[in-house]
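Every number for a ligand or one of its atoms is a count from 1 in the order of the listing.
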Amino acid sequence: MTVDKEALRRKYREERDKRLRPDGNDQYLRLTGRFAHYLDDPYTPVMERAPKTDHVTVAFVGGGFAGLVTGARLREAGVEDVRIVEKGGDFGGTWYWNRYPGAQCDTASFVYMPLLEETGHMPTEKYAHAPEILEHCRRIGKHYGLYDNALFHTEVTDLTWDETRSRWLIRTNRGDAFTAQFVAMGIGPLHVPKLPGIPGIDDFRGHAFHTSRWDYAYTGGDPSGAPMDRLADKRVAIIGTGATAVQCVPHLARACRELYVFQRTPSSVDVRDNRPTDPGWFATIATPGWQQRWLENFTANQTGAPAEEDLVMDGWTDLSRRFRAKIEHLRPEELTQENMLAAFEDSDFEKMEEIRARVDAVVEDPETAHALKAWYRQLCKRPCFHDEYLQAFNEPGTRLVDTGGKGVERITGKGVVVAGREYEVDCVIYASGFEVGTDYTRRAGYDLTGRGGLRLSEHWAEGMRTLHGVHVHGFPNAFLVQPTQGANLISNIPHNLTEAGRTIAVTVRHALDHGYAEVEPTKEAEDGWVEFLLSGTGRLLGSQECTPGYYNNEGQDPGPKSWLGVGHPHGAMAYFAFIDGWRESGTFDGLDFRHGGQDR
Ligand code: NDP
């Protein structure tokens, strides 16, 4: 394939420039005040209960994968007294809230769904659908007895370290005020829905909801794919064409009388190639230790680390495969940074040309096909994979309304306006995503007050600081479960979480076994880790050359704070190997274990 690289670079820049806007993250609306009802739980009624004022060994904020895998590892380590506090009505996190039609994992189930080996579950498909993943979350909760002490429909409002008693005081929106020796937090990278700040958004008199609170009472159907029969006479607008819209648009296209898909930036939509799992095949791979092998193999392939085979073989590993093929014939002295970057760009151009060619091959109307093509490098925005999304635009009732990169102009009482034309609709569905670039404590909904009254928001005023992405100086007995400053593996978030869960379980076990009341990273260790992180090449995602999106702070310079939003300088595999060795050594380098106030 020959590509005019200079022409493509120019086109990418032009398309980016069309979308740049000075308000960056401020263009979005927070769902508070008059928008708060968008957050109501449509799935589970809220039950009355008495506030908790007791004490637990470990409190965990968040009942998604992070809380489940950490709870599981703690239970395996013999820590019985674990309380998960979750704002949803059940375990699941992302998979509790995101029940929109067609929701499924985009990373192969065998590596995406945690604790498969431990719970004995065989994913039914290469890319499992949401109901199966939610059920798996419940399976983990039951298997490890995590339901016993869990608090659902409960939001932590405050976490304060009690220095005299070496414990955390946890307050919630349900009046709880209980204590815990340890707290851990896995609030999820994408859990606060946002709305686009479109003028007139308040004026709409029809029905409206966000994709993460799907209103099946309005649409009919259910998350398992039953047809949304109540839309048969409805005109529906969906605003946004990210990974969520890509999955639910085909279902809407089949169900609605008229569907208008409002697009600001097209997603790159590569082949999905989902298929049911053959139990015979699964039996051959599911030998002891299989999931860890698959996890490591996927991460190695996805991040360009050496790997003898590619077990998952999909779109996530394809770019690395192409890149490797381009550099494998180079002599050692030719492996310069310049040649590597050129090989990476060439692989990307080829990949994106194929993705654009697929649009032409699938979409019948040439104008629609033209508008659906993504003009940026594949990792500028979240890559999407689907085998029915592009086809949906061939449905007679479905219409793409491309906004030329500018977004929806306004919303009126009756519908949605683009380029001066009003599209009258009965329902507006916001597939407008989740807060990403905002501060951790804003997304968490609480601040931590640590030793000496230090607030986490203050400690991180110049950017995140941790030891290994897990421990924070000044915040004893508190742990984070998230990817940043650790492996930072974006393509398979659960891999980061299971490793953090292991680290926390080992640390808590050590403290309990030796009667330590407190554990905290030293300042030297935290500073040293941060310095080590900064010795790398910096952030992989988030180039300002890219079209705006949440990967690059909506195209606005995120400032020096973002320099700390990195992972291990030698990549995810290096981090996992390092942290495994750290745990195995049993020396807990960088952590200070204490018997409490008296020995500080
Ligand atoms: P995104 O933030 O990716 O998409 C939001 C969409 O809304 C974008 O298309 C955006 O356009 C559009 N938008 C915002 N403002 C306007 C406006 N004023 N007018 C018109 N359009 C507008 O949210 P998603 O919920 O799709 O996905 C969020 C993330 O969740 C994904 O990136 C992925 O990480 C995860 N996810 C994972 C899935 C999986 O693993 N299976 C499935 C779904 C989501 P623009 O691009 O121009 O900003």
Trainee: Sequence neighbours left out, cut at 3.5 Å: what donor-acceptor pairs do the side chains of residues 198-205 make with other protein atoms?
Mentor:
residue	atom	partner	partner atom	Å
Asp202	OD1	Arg34	NE	3.3
Asp202	OD2	Arg34	NE	2.4
Asp202	OD2	Arg34	NH2	2.9

Trainee: Tell me the residues surrounding ligand 1, counting only those with a heavy atom closer than 4.0 angstrom, sorted by chain and number.
Mentor: Tyr28, Tyr100, Gln104, Cys105, Asp106, Leu190, Pro196, Ile198, Ile239, Gly240, Thr241, Gly242, Ala243, Thr244, Gln247, Arg264, Thr265, Lys381, Arg382, Gly407, Val408, Ala431, Ser432, Gly433, Phe434, Tyr550
Trainee: In a table with atom names and distances, give each donor-acceptor pair under 3.5 Å that connects a side chain of residues 62-72 to protein atoms at least two apart or in another chain.
Mentor:
residue	atom	partner	partner atom	Å
Thr70	OG1	Ala66	O	2.7

Trainee: Under the salt bridge (charged side-chain N to carboxylate O under 4.0 Å, His left out) test, which residues partner Asp90, sequence neighbours left out?
Mentor: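 Residues passing salt bridge (charged side-chain N to carboxylate O under 4.0 Å, His left out) with Asp90: Arg138.
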Trainee: For residues Val401 and Val261, determine if any side-chain heavy atom of one lies less than 4.5 Å from a side-chain heavy atom of the other.
Mentor: no
Trainee: Between Asp348 and Phe323, is there a side-chain heavy-atom distance shorter than 4.5 Å?
Mentor: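 No, side chains not in contact.
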Trainee: Over 60° means perpendicular and under 30° means parallel, so tell me whether Tyr96 and His153 are parallel, tilted or perpendicular.
Mentor: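 Judged by the thresholds at 30° and 60°, the geometry between Tyr96 and His153 is perpendicular.
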